[in-house]
Amino acid sequence: TGLKQLVASDIDKKEQVLVLDNDNIYSGLEEVFSKIENNKNFVLYNKNHTGLSHYSFVKLDNNCLLTDIQERIPISDYVCVGGYGFESLQTALESSQHVIKSDSTDEFYMSMVIKQLLNIGKKVNGVCLSECYSIGTPKDILLNISKLIKFKFLKKYFSLILLKKKLLDRNNETLFF
């Protein structure tokens with residue numbers, strides 16, 4: 001449905017676009033945007049501080065260009081933090097449509113679209129975003145909860161989860177899993 005919305009939108013197909021996953025909390029995007037050159041493909045990344053493997057892993061060269069991206073296969077200590085920039089809406093649409101037409105899987109990931117760009121020889125820059133917190137799984141939330149409380153709009157929700165976790169920990173029970 002997201003692709004259909006983009007195709008039907010009145011956005012100029014030559015405009016640079018950024019796709020953000022909805023299961024992350026991003027901080028400091030303004031600073032990152034100031035570093036991004038116009039008309040460049042890029043992926044926001046950071047070091048995998050969680051040890052979990054349900055992310056897209058990226059491999060970078062010495063110039064911070066992506067050399068590989070793999071879904072849920074740890075190929076480095078760096079993970080995509082859910083930010084995918086495309087030199088143009090047209091590039092995003094063409095690469096996405098190619099992946100959908102050529103892959104037999106039922107589940108598509110943006111990492112597959114970025115991999116398609118790499119496969120056709122497009123450069124994809126890696127841009128480090130130091131403050132991004134995944135909330136895609138209960139484990140992600142628990143690993144990041146102390147950092148998430150600083151966001152005022154989330155504080156009451158994550159404070160309740162943290163309180164419940166402390167109560168459960170006291171009784172040797174588990175939250176969510």
Novice: Would you find more than 12 non-hydrogen atoms of other residues, nucleotides or ligands less than 6.0 Å from Glu31 atom CD?
Specialist: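 Check fails, neighbour count at 12 or below.
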Novice: Ring pair (Phe, Tyr, Trp, His ring centres under 6.0 Å): which pairs involve residues 63-91, sequence neighbours left out?
Specialist: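 Qualifying pairs: Tyr45-Tyr78.
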Novice: Not counting sequence neighbours, which residues clear side chain to side chain donor-acceptor pair (under 3.5 Å) with Glu87? List them please.
Specialist: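 Scan of Glu87 (side chain to side chain donor-acceptor pair (under 3.5 Å), adjacent residues dropped) gives Asn41, Thr91, Lys122.
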Novice: Going from NZ on Lys47 to OG on Ser130, what distance comes out if it is rounded to the nearest 0.5 angstrom?
Specialist: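 Lys47 NZ to Ser130 OG: 14.0 Å, rounded to 0.5 Å.
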Novice: Which residues satisfy the side chain to side chain donor-acceptor pair (under 3.5 Å) test with Thr137, sequence neighbours excluded?
Specialist: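 Here the qualifying residues are Asp140.
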Novice: In chain order, what residues pass the salt bridge (charged side-chain N to carboxylate O under 4.0 Å, His left out) check against Lys14, with sequence neighbours excluded?
Specialist: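 Scan of Lys14 (salt bridge (charged side-chain N to carboxylate O under 4.0 Å, His left out), adjacent residues dropped) gives none.
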Novice: Return the set of residues passing side chain to side chain donor-acceptor pair (under 3.5 Å) with Asp68 (not counting sequence neighbours), or none when no residue passes.
Specialist: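 Only Gln70, Lys115 meet the side chain to side chain donor-acceptor pair (under 3.5 Å) criterion with Asp68.
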Novice: Run the ring-ring contact (aromatic ring centres under 6.0 Å, His included) test against Phe57 and tell me which residues pass, sequence neighbours left out.
Specialist: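 In terms of ring-ring contact (aromatic ring centres under 6.0 Å, His included), with neighbours along the sequence ignored, Phe57 is linked to no residue.
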Novice: Considering only residues two or more places apart or on different chains, which pairs with a residue in residues 125-134 satisfy salt bridge (Lys or Arg N to Asp or Glu O under 4.0 Å)?
Specialist: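 Passing the test, one end in residues 125-134: Glu131-Lys150.
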Novice: Holding to salt bridge (charged side-chain N to carboxylate O under 4.0 Å, His left out), I want the full list of residues that pass it with Asp23, two or more places apart in sequence or in another chain.
Specialist: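 Expected list: none.
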Novice: How long is the straight-line distance from CD1 of Ile36 back to CG of Leu18, given to the nearest 0.5 Å?
Specialist: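 So the CG of Leu18 and the CD1 of Ile36 are separated by 7.0 Å.
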Novice: So does Ile69 get a backbone contact from the side chain of Ser111, meaning a donor-acceptor N/O pair under 3.5 Å?
Specialist: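 It does not hold such a pair.
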Novice: Quick one about Gln116 and Ser95 (side-chain donor to acceptor, distance below 3.5 Å, no hydrogens or angles considered), yes or no?
Specialist: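 Note: Ser95 and Gln116 side chains miss the donor-acceptor criterion.
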Novice: Going by ring pair (Phe, Tyr, Trp, His ring centres under 6.0 Å), name the pairs with one or both residues in residues 91-131, residues two or more places apart or in two chains.
Specialist: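 Listed once each, the pairs would be none.
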Novice: So how far is it from Glu94 CD to Leu89 CG, rounded to the nearest 0.5 Å?
Specialist: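 Rounded to the nearest 0.5 Å, the CD-CG separation comes out at 9.5 Å.
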Novice: Identify, with sequence neighbours excluded, every residue that meets side-chain contact (heavy atoms from CB on, under 4.5 Å) alongside Leu129.
Specialist: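 If we apply the side-chain contact (heavy atoms from CB on, under 4.5 Å) test to Leu129, skipping adjacent residues, the hits are Tyr26, Leu29, Val32, Leu44, Val81, Cys132.
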Novice: For Glu15, what residues pass the side chain to side chain donor-acceptor pair (under 3.5 Å) criterion, not counting sequence neighbours?
Specialist: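 Partners of Glu15 under the side chain to side chain donor-acceptor pair (under 3.5 Å) test: none.
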Novice: Which residues satisfy the side-chain contact (heavy atoms from CB on, under 4.5 Å) test with Asp61, sequence neighbours excluded?
Specialist: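 side-chain contact (heavy atoms from CB on, under 4.5 Å) check on Asp61 returns Asn63, Leu65, Thr67.
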Novice: Taking atom CE of Met112 and atom CD1 of Ile100, what is their separation to the nearest 0.5 Å?
Specialist: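 The distance works out to 9.5 Å.
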